[in-house]
Amino acid sequence: MDLDLDAKAHLLARQDMSTLPAEPAPGLRSIVMSDGPIGVRETEWSPAAPSFETERMTVIRLRRPARMKLNVHQLGDGDRTAILVHGVMSSARTWVRVAPLLAARGYRVLMPDLRGHGASPHAASYTAEDFAGDLVESLPAGADVAIGHSLGALSLSLTVAELRPAKAVYSDPAWTIGDTAPLCDFGRRTKTMTREDIAAMNPRWALEDIGAEKADFSDWDVRVIDALPELGPRAPEHPIVPSLVQAADPSFVVSPGLAATLRHRGFEVRVVPRTGHCIHRDDLDAFMASLHGWI
């Protein structure tokens, strides 16, 4: 039987189903469940190859959220591929100083605008699964490195099982946002901010970054902020591919405790001293140096 995600959530509220996730992994097409012990999650189920023996079994087909073809910018035509995914309220413009450095190293640099940002369409839904699914729909698998910042890092982490980059870098990832009220209030004010306002808040930024931020504030769909409280916490249990976490100093999303947990789970964590949430804009040289061995 076909169910949308809301209906599935109600069904999974039954006590014997409580260990299943509230949302399916991107790309999941079905869930196998029994009326007794918990079933095994699979992408497909066939009676010829059951997950376990049971007299009664239900296969629920999930209608995957509609994926969007994103606007993807490209710089360079090297033999290696780098994917750069921006954060909330931003766009591919955030990489205005990073992308040329990677292109000069022989990369073909691909930079999507997430839904509701930059030149990509606005949408009615802005869940983490939406952002992740769009990346899978719009980007090639098997990149040499994929780098995501903030929301882009969260979205990237949900796609690595399908996109399978050789390496993944999560720059101050928004896996644990905490109280989103200040961020939501800031988001609403971006629409009236001037270049002077942005420069005053970010005295270390280059003029290119200030101009890019002003353009991005004009473009983004402010309704994205309504989804922010539902995005986390989502820190991965383990890295699917070799993974680096860059943490700002101090970071409001990667606490020392989370950094220790991530190291224990198999992530490499590097703190970039005296930088804020946009590490690549606060100190480009330190950002690039932190990527040594990863690009």
Side-chain angles (χ1 to χ4, degrees), residues 67-78 80-123 126 128 130-141 143-160 163 165 167-174 187 190-191 193 195 198 202 205-225 246 276-282 284 287-288 291 294-295:
R67 290 177 172 180
M68 176 186 294
K69 275 287 188 181
L70 302 174
N71 185 65
V72 179
H73 306 259
Q74 177 175 329
L75 181 67
D77 56 1
R80 296 183 292 170
T81 299
I83 291 171
L84 306 179
V85 188
H86 67 84
V88 70
M89 308 181 205
S90 189
S91 78
R93 297 184 188 102
T94 194
W95 307 112
V96 62
R97 294 194 294 148
V98 175
L101 298 179
L102 292 177
R105 291 177 180 236
Y107 282 96
R108 176 177 65 117
V109 186
L110 302 178
M111 299 163 284
D113 292 331
L114 296 175
R115 65 168 57 199
H117 296 78
S120 287
H122 293 189
Y126 292 109
D130 290 327
F131 290 120
D134 295 345
L135 294 179
V136 174
E137 184 74 14
S138 307
L139 296 170
D144 294 275
V145 63
I147 302 173
H149 170 240
S150 190
L151 172 64
L154 166 61
S155 304
L156 176 63
S157 70
L158 297 176
T159 71
V160 288
L163 289 180
K167 300 174 182 177
V169 177
Y170 305 111
S171 187
D172 223 31
T190 59
K191 292 301 182 180
M193 286 185 181
R195 292 173 64 98
I198 296 168
N202 305 285
W205 287 17
L207 290 177
E208 302 99 306
D209 289 316
I210 294 170
E213 190 85 328
K214 178 65 174 71
D216 288 341
F217 284 172
S218 297
D219 287 344
W220 83 293
D221 185 355
V222 72
R223 294 178 301 167
V224 174
I225 61 178
Q246 289 179 320
H277 183 54
C278 296
I279 299 171
H280 59 289
R281 286 175 150 171
D282 280 353
L284 179 60
F287 172 82
M288 296 300 294
L291 296 176
W294 291 84
I295 57 173

For this session: For R105 and I295, run side chain to side chain contact (heavy atoms under 4.5 Å, CB included): C-alpha distance rounded to whole Å, both residues' side-chain angles, the deciding distance at 0.1 Å, then the answer.
Result: CA-CA 9 Å; R105 291 177 180 236; I295 57 173; 3.6 Å; yes
Exercise. Do R115 and S120 have side-chain atoms, one donor and one acceptor, less than 3.5 Å apart?
Worked result: no
Exercise. Going by heavy atoms in the side chains, are D134 and L114 under 4.5 Å from each other?
Worked result: no
Problem set entry | Derivation and outcome, side chain to side chain contact (heavy atoms under 4.5 Å, CB included), residues E213 and M193 | CA-CA 10 Å; E213 190 85 328; M193 286 185 181; over 6 Å; no
Exercise. Which is it for Y126 and V88 under the side chain to side chain contact (heavy atoms under 4.5 Å, CB included) test, yes or no, and what are the steps along the way?
Worked result: CA-CA 11 Å; Y126 292 109; V88 70; over 6 Å; no
Exercise. Roughly how far apart are L70 CG and L110 CG, rounded to 0.5 Å?
Worked result: 12.0 Å
For this session: Evaluate the criterion side chain to side chain contact (heavy atoms under 4.5 Å, CB included) for residue pair L151 and V85; output intermediate values, then yes/no.
Result: CA-CA 8 Å; L151 172 64; V85 188; over 6 Å; no
Exercise. Roughly how far, to the nearest 0.5 Å, is CG of D172 from CG of D282?
Worked result: 10.0 Å
For this session: Would you mind reporting whether L284 and L101 have side-chain heavy atoms less than 4.5 Å apart?
Result: yes
Exercise. Taking D219 as the fixed residue, which of M89, R93, H117 is the one that meets the side chain to side chain contact (heavy atoms under 4.5 Å, CB included) rule?
Worked result: R93
For this session: Drop me the distance from T94's OG1 to D209's CG, to the nearest 0.5 angstrom.
Result: 6.5 Å
Exercise. Taking the six-membered ring for Trp, is the centroid-to-centroid distance between H280 and W95 below 6.0 Å?
Worked result: yes
Exercise. With sequence neighbours left out, what residues match D113 under salt bridge (Lys or Arg N to Asp or Glu O under 4.0 Å)?
Worked result: none
For this session: Could you pull out all residues at least two apart from A104 that satisfy side-chain contact (heavy atoms from CB on, under 4.5 Å)?
Result: none
Exercise. Applying the side chain to side chain donor-acceptor pair (under 3.5 Å) test to S171, which of Q246, H277, H149 qualifies?
Worked result: Q246
